[in-house]
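Right, one structure below, let's go through it.
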Amino acid sequence: TVIVISSIGDERHIDAAINRGLAVVSYDSGISASRTPTHDHVLPDNTLAGRLAAEHLISHGHKRLAFAKPRGETISRRQKVEGFLAAIEAAGPGHSAQIIEVDAGSRFGDNELSKVGFDAARPIATMKERPSGAVAVNDMTAIGLMAGLRDSGLSIPDDVSVVGMDNIAVAEYVWPPLTTIATPV
């Protein structure tokens, strides 16, 4: 029997499944430092994903970068930002990073995440020293960011290059196709 639990951060559902005798493996839900693990976890290397995204932009000559994400902390968001910032630091002097956080609303879904990207575009577009490259926490946020940058009169990738994370299928159908870091599922 397989049960999919979609309540992010709600350990009660996981505990209930375990108490019913079900084997539980969570994907990308993180491990609470305050609790003894009761089940197995599978986590992508989000730190590596954030680092690879920034390194890709840096390798193409970008020195001023931004990272767009919903406001609020999750383990995967924190790790992606850590990897992103580590790549900026490793690139040395002359490279800078800006974290752009946008309120995501009360739900966690594709519509909210694309709106986060769209809303993150305005502060990026109006910065005095605008980033030439931007990383989004995931592909839906990146797609919204691309739309928001275009709405602000900017061209992708001529004015701002965008990299997403997750490699969702629709990434190759947007224009221009989204550069994305594939996260194994």
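None of the values given here were measured: they were computed from a predicted structure. The figures that follow rest on heavy atoms only: side chains count, while hydrogens, waters and symmetry mates do not.
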Short question: side chain of D166, backbone of I168 - any donor-acceptor pair under 3.5 Å?
no
Please identify each residue that fulfils side chain to side chain contact (heavy atoms under 4.5 Å, CB included) with E89, with sequence neighbours left out.
none
Does any non-hydrogen side-chain atom of R122 lie less than 4.5 Å from one of S152?
yes
Under the rule for salt bridge (charged side-chain N to carboxylate O under 4.0 Å, His left out), what residues qualify as partners of R71, not counting sequence neighbours?
E101, D103
If you group Ile, Leu, Val, Met, Phe, Trp and Tyr whenever their side-chain heavy atoms sit less than 4.5 Å apart, what else falls in with I181?
L48, L52, L57, I58, L65, F67, V81, F84, L85, I88, I99, V135, V137, V163, M165
Does D119 have any side-chain hydrogen bond (donor to acceptor under 3.5 Å, both in side chains) partners at least two apart in sequence or in another chain, and if so, which?
K115
Please report the shortest heavy-atom distance between I143 and L178, naming the atom on each side.
CG1-CD2, 4.2 Å
Could you list all the salt bridge (Lys or Arg N to Asp or Glu O under 4.0 Å) pairs where at least one residue sits in residues 44-62, not counting sequence neighbours?
R51-E55
Contacts of type salt bridge (charged side-chain N to carboxylate O under 4.0 Å, His left out), residue E82, not counting sequence neighbours:
R78
With sequence neighbours excluded, residues passing side-chain hydrogen bond (donor to acceptor under 3.5 Å, both in side chains) with T47:
none
Could you pull out all residues at least two apart from S155 that satisfy side-chain hydrogen bond (donor to acceptor under 3.5 Å, both in side chains)?
D158
Grab the two heavy atoms, one from P70 and one from V116, that are nearest each other, plus how far apart they are.
N-CG1, 3.7 Å
Partners meeting side chain to side chain contact (heavy atoms under 4.5 Å, CB included) with I100 (sequence neighbours left out)
A66, Q98, V102, A120, P123, I124, M127
Going by the rule side-chain hydrogen bond (donor to acceptor under 3.5 Å, both in side chains), which residues pair with T179 if we only count those two or more places apart in sequence or in a different chain?
none
What's the shortest heavy-atom distance between K63 and G94, and which atoms?
CB-O, 3.4 Å
Quick one: list whatever passes side chain to side chain contact (heavy atoms under 4.5 Å, CB included) with L154, sequence neighbours left out.
A125, R130, L149, D159, V160
Side chain proximity check, P176 to I156, heavy atoms < 4.5 angstrom:
yes
Donor-acceptor pair, side chain of T141 and main chain of L113, under 3.5 angstrom
yes
Return yes if some donor-acceptor pair links the side-chain N/O of N46 with the main-chain N/O of Q79 below 3.5 Å, else return no.
no
Residue set satisfying ring-ring contact (aromatic ring centres under 6.0 Å, His included) with H56, at least two apart, ordered chain then number -> H60
